[in-house]
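Note: hydrogens, waters and symmetry copies are ignored here, and every other heavy atom, side chains too, is used.
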Amino acid sequence: MTVVETDRIAMANESDELTLDRMFEWLEELPVPGGYKVEIVGGHVFIAAQRDTHWQIITDIYEQLRAAGYARSRVKSDVRFDFPGHLNGFACDVVALSGEAAKNAKGLWDYEDIELVAEVISKSTALNDYGPKKAAYATAGVPVYLVVDPYVGRCRVFTEPKKDEYGVDRTVDFGEEIKLKDTVVGLTLKTDEFPRG
């Protein structure tokens with residue numbers, strides 16, 4: 001039996017949580033170049049480059065959340081969150097946390113404290129954002145899930161999570177406002193400066 005086979009058997013005997021931790025430990029040892037984001041979705045590792053357009057949108061959302069009163073400590077980007085389901089460790093593009101949020105015993109933020117997740121899609125990982133990640137966010141009870149698509153200049157806003165789906169799915173074109181006043185987020189996001197492409 002090889003070392004790799006021994007590690008696979010050991011991983012199979014551990015709980016999902018420990019296996020997820022172990023996978024991230026291995027990923028931290030890899031020479032992932034700067035400007036790339038690493039996530040584990042359903043036990044599969046995804047490494048995607050962050051393009052300039054991607055980062056501009058993330059920054060715009062971050063700045064709007066800060067201007068609306070979210071403290072710097074309550075807004076995260078590319079920080080690991082473990083979500084319900086099989087081996088889901090996501091590094092969300094933008095996360096807004098509740099005022100009561102605190103790190104857990106493992107030093108991670110809890111998904112129960114998330115008020116909003118925003119993902120800016122990349123061509124290579126778009127299916128995750130609209131598929132398994134959306135289902136994980138709904139299962140976790142994330143009140144607002146925003147998917148920004150710079151390729152078509154459109155956002156999808158998912159609210160009212162129920163089981164592994166969202167009850168409300170709205171589409172907003174770039175240039176229109178994303179009205180979230182009736183949600184726990186309680187603000188309106190502007191999209192007129194979101195770049196396309």
Side-chain angles (χ1 to χ4, degrees), residues 3-4 6-48 50 58-59 61-62 65-66 68-120 125 128-129 131-147 158-166 180 183-187:
V3 173
V4 172
T6 304
D7 283 343
R8 284 186 189 154
I9 291 168
M11 283 178 57
N13 292 328
E14 294 178 7
S15 71
D16 281 354
E17 184 173 73
L18 291 176
T19 303
L20 191 57
D21 287 342
R22 180 175 239 172
M23 289 176 75
F24 273 109
E25 287 172 11
W26 289 341
L27 288 169
E28 287 173 6
E29 294 176 13
L30 293 176
V32 177
Y36 283 80
K37 173 175 152 174
V38 179
E39 293 186 304
I40 300 171
V41 180
H44 301 279
V45 176
F46 291 88
I47 301 174
Q50 295 228 7
I58 291 169
T59 303
I61 294 169
Y62 173 86
L65 289 168
R66 291 279 293 125
Y70 274 89
R72 182 175 288 115
S73 62
R74 292 179 53 206
V75 184
K76 306 297 174 191
S77 180
D78 290 342
V79 173
R80 174 184 166 188
F81 283 84
D82 294 347
F83 286 92
H86 179 68
L87 298 176
N88 286 322
F90 306 157
C92 314
D93 288 333
V94 181
V95 171
L97 295 169
S98 70
E100 298 78 38
K103 289 185 178 181
N104 60 30
K106 289 173 44 178
L108 300 174
W109 297 99
D110 289 320
Y111 68 81
E112 293 93 346
D113 294 322
I114 295 175
E115 296 183 344
L116 171 141
V117 168
E119 297 284 10
V120 182
T125 59
N128 286 338
D129 294 330
K133 288 176 80 174
K134 184 179 97 169
Y137 294 145
T139 300
V142 172
V144 179
Y145 175 40
L146 171 64
V147 179
F158 300 96
T159 56
E160 299 182 23
K162 295 175 184 139
K163 296 187 180 176
D164 64 349
E165 271 298 326
Y166 280 93
L180 301 173
T183 71
V184 67
V185 180
L187 58 89

Donor-acceptor pair, [X] side chain versus [Y] backbone, under 3.5 Å?
X	Y	answer
Asp110	Glu112	no
Asn88	Gly42	yes
Arg74	Leu97	yes

Problem set entry | Ring centers of Phe158, Tyr137 separated by less than 6.0 Å |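 They do not qualify: ring centres at least 6.0 Å apart.
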
Problem set entry | Distance (rounded to the nearest 0.5 Å) between Glu119 CD and Ile58 CD1 | 8.0 Å

Exercise. Who are the salt bridge (Lys or Arg N to Asp or Glu O under 4.0 Å) partners of Asp129, not counting sequence neighbours?
Worked result: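 If we apply the salt bridge (Lys or Arg N to Asp or Glu O under 4.0 Å) test to Asp129, skipping adjacent residues, the hits are Lys133.
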
Exercise. Got a sec, which pairs hit salt bridge (Lys or Arg N to Asp or Glu O under 4.0 Å) with one end in residues 134-144, sequence neighbours left out?
Worked result: Lys134-Glu165

For this session: List the steps, then state whether side chain to side chain contact (heavy atoms under 4.5 Å, CB included) holds for Val117 with Phe90.
Result: CA-CA 11 Å; Val117 168; Phe90 306 157; over 6 Å; no

For this session: Applying side chain to side chain contact (heavy atoms under 4.5 Å, CB included), run through Val184 and Leu116 and close with a yes or a no.
Result: CA-CA 9 Å; Val184 67; Leu116 171 141; over 6 Å; no

Problem set entry | Heavy-atom side-chain proximity of Ile61 to Leu146 below 4.5 angstrom |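 In contact.
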
Exercise. Tell me, do Val79 and Val95 make a side-chain contact under 4.5 Å, heavy atoms counted?
Worked result: no

For this session: Sort and list the pairs that fulfil side-chain hydrogen bond (donor to acceptor under 3.5 Å, both in side chains) and have at least one residue in residues 89-98, not counting sequence neighbours.
Result: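 For residues 89-98: Lys37-Asp93, His54-Asp93.
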
